[in-house]
Protein chains: 2
Amino acid sequence: MESRCENCIVRQFNSLRAMSKEELKRVSDSKTTKTIKKGESIFREGEKLDGVFCVRDGISKLSKLSANGKDQIVKLASKGEVIGQRSVVAEESVNLSAVAVSDMEVCFIPKDGIVSTLHTNPNFTLEVLRHMAHDLKEADDVIVNMSQKNVKQRIAEAFIYLKTNFGEDEEGYLKLVLSREDISNVVGTAIESCIRIISEFKKKGYLKTSGKRIGIIDEKALNNLVEGF
Amino acid sequence: MESRCENCIVRQFNSLRAMSKEELKRVSDSKTTKTIKKGESIFREGEKLDGVFCVRDGISKLSKLSANGKDQIVKLASKGEVIGQRSVVAEESVNLSAVAVSDMEVCFIPKDGIVSTLHTNPNFTLEVLRHMAHDLKEADDVIVNMSQKNVKQRIAEAFIYLKTNFGEDEEGYLKLVLSREDISNVVGTAIESCIRIISEFKKKGYLKTSGKRIGIIDEKALNNLVEGF
DNA sequence: GGTAAAAACTGATAATTATCATATTTTAAA
DNA sequence: TTTAAAATATGATAATTATCAGTTTTTACC
């Protein structure tokens, strides 16, 4: 055990911070750290999880396969987020697949420590509840965006989201590099439509690209698009 | 106080059932029962709630206004559901509006009793958490439907949903009568498109209508559509 | 029961988006 | 470095969906 949860910065961002010293010690003793390469999966839709995954580094896409064979990406989880929590709380199989979109380091925490704390420490349970309440609000917002905004607006919004949440490198390209297919699966559109709109944004001077990297040049223009101007 | 929570059947369906006798008594003492007419609103997006609403009877639409001026209905809440819970838990203003789509009877429960129980009774907190976990899964499913299914499929699915969740009358019409506009706002489409597809389903013998009432004739056909056959 | 307003409906047309076919570029492996 | 595969890109076209303009039907109220 090279590292302990007690000393982990990441914990400050998630519900583990509401655990008592003893509870956290127990979790730390039982956890295992895993390295996951870009493209590898953490779990698949339908599996039964016997624990949760705490993201220490890297980013995972959470997606669901739809009847037409396309994946819909519902959320991107990064440092500090706990994934698989919903499934453990509800005692159901997971309804989303988790696949790394960049190299990741995650801690697997067996559910025993989590579940027993949920039953005994209301501070922890309430903290988990607050995080889930936040996720639910975000999900509701996504529903509204998906149904009320057009593809161009959703793509513009996605790039702003990627910039504000994952940042950009020294050259001004988005740090999180997603394939065009992943972007399509975030905004729920055909790959070709997505590529076409990226080309259009490039022509208009909103974006720049270099290989699969994408950089935002005119964030204001993208924002105006999203707002419907 | 004509009626007490302790004796209320509705409570069995929601998280209040995890409260202790004393906690429930407190809630029951502080609650007030309200009658809400069809079309009236319970709360509006952006408001601060100082309590939650437990639905005793009738159905409420939970919707959010989008930039283009259309309401997107995110959820229909009926008997037993507690609305406004997310907002109280997260200590944020509500992000959805609640409007009655049929005459309703609801109990308003001031948040004090709820919040203090959340801090002290992990069984209750966990029960609320489980409900929220369920809502989150449903929201994720809606995201996938919205982005991966076409309007025809979403409308077909909506009618199946209305039948299985709210039932039909003796004549075979859906018990919950929604305006065409509300149906459009559930599936996220233009009213005219919605009406056109209803007409098409009628011609094909999938549905029957009588005024604004709609009845399902061929549920299998609707199901096949949803599944993509 | 009559009447005005609202809701439901239909047609024509435009805009958006998906699909198919194919070309080009990039990436990764031999 | 060469080369094959994968990803990106573009054009042409079809399918889906929205919008506008108007008619008919239903609902609610005096």
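In what follows, chains are A, B, ... by sequence order, proteins preceding strands, each numbered from 1.
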Enquirer: Mind running salt bridge (Lys or Arg N to Asp or Glu O under 4.0 Å) on B/Lys61 and B/Asp71 for me, showing each step along the way?
Expert: CA-CA 10 Å; B/Lys61 60 178 174 183; B/Asp71 260 328; 5.6 Å; no
Enquirer: In whole Å, what is the span from the CD1 atom of B/Ile195 to the P atom of C/dT10?
Expert: 9 Å
Enquirer: My understanding is that only residues two or more places apart in sequence, or in another chain, count here; which of them pass side-chain hydrogen bond (donor to acceptor under 3.5 Å, both in side chains) with B/Gln12?
Expert: none
Enquirer: When you measure from the centre of the six-membered ring of A/Phe13, is the NZ or CZ of A/Lys79 under 6.0 Å away and within 45° of the axis?
Expert: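 Pair A/Lys79/A/Phe13 does not count as cation-pi.
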Enquirer: Starting at CD of B/Glu200 and ending at P of C/dA8, how long is that distance when rounded to a whole Å?
Expert: 19 Å
Enquirer: Please tell me which of B/Ile198 and A/Val151 maps to the more 5' nucleotide of DNA chain C, matching each residue to the nucleotide holding its nearest heavy atom.
Expert: B/Ile198
Enquirer: Could you check whether A/Lys64 pairs with B/Asp140 (Lys NZ or Arg NE/NH1/NH2 to Asp/Glu carboxylate O, under 4.0 Å)?
Expert: no
Enquirer: Can you pull the contact range of chain A along DNA chain D, 5' to 3', using atoms under 4.0 angstrom from its heavy atoms?
Expert: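 On DNA chain D, the outermost contacted nucleotides are D/dT8 to D/dA12.
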Enquirer: Heavy-atom count around A/Glu200 CD within 6.0 Å, excluding the residue itself: above 12?
Expert: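 Counting neighbours around CD of A/Glu200, more than 12 heavy atoms of other residues, nucleotides or ligands fall under 6.0 Å, so yes.
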Enquirer: Tell me which of A/Ser210 and A/Ala190 sits closer to the 5' end of DNA chain C, going by the nucleotide each one is nearest to.
Expert: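 With A/Ser210 and A/Ala190 compared, the 5'-side residue is A/Ala190.
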Enquirer: Please give, in whole Å, the distance from C/dA6 C1' to B/Lys212 NZ?
Expert: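 Those two atoms, NZ and C1', are 9 Å apart.
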Enquirer: Does B/Ser193 or B/Lys38 map to a spot on DNA chain D nearer the 5' end, using the closest nucleotide for each?
Expert: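 This one resolves to B/Ser193.
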Enquirer: For the pair B/Asp135 and B/Lys75, find out whether any cationic side-chain nitrogen is under 4.0 Å from an anionic carboxylate oxygen.
Expert: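 Salt bridge flag = yes for B/Lys75 with B/Asp135.
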Enquirer: B/Arg213 CZ to C/dC9 C1': how many Å, rounded?
Expert: 19 Å
Enquirer: Looking at A/Val99 and A/Gly39, what are the two nearest heavy atoms and their distance?
Expert: CG1-O, 3.6 Å
Enquirer: Under 30°, 30 to 60°, or over 60°: which ring-plane class applies to A/Phe166 and A/Tyr161, parallel, tilted or perpendicular?
Expert: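 A/Phe166 vs A/Tyr161 ring planes: perpendicular.
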Enquirer: Under 4.0 Å from any atom of DNA chain C, heavy atoms only: list the residues of residues 167-180 of chain B that qualify, in numerical order.
Expert: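 The stretch gives B/Ser179, B/Arg180 as the residues lying under 4.0 Å from the strand, ordered by number.
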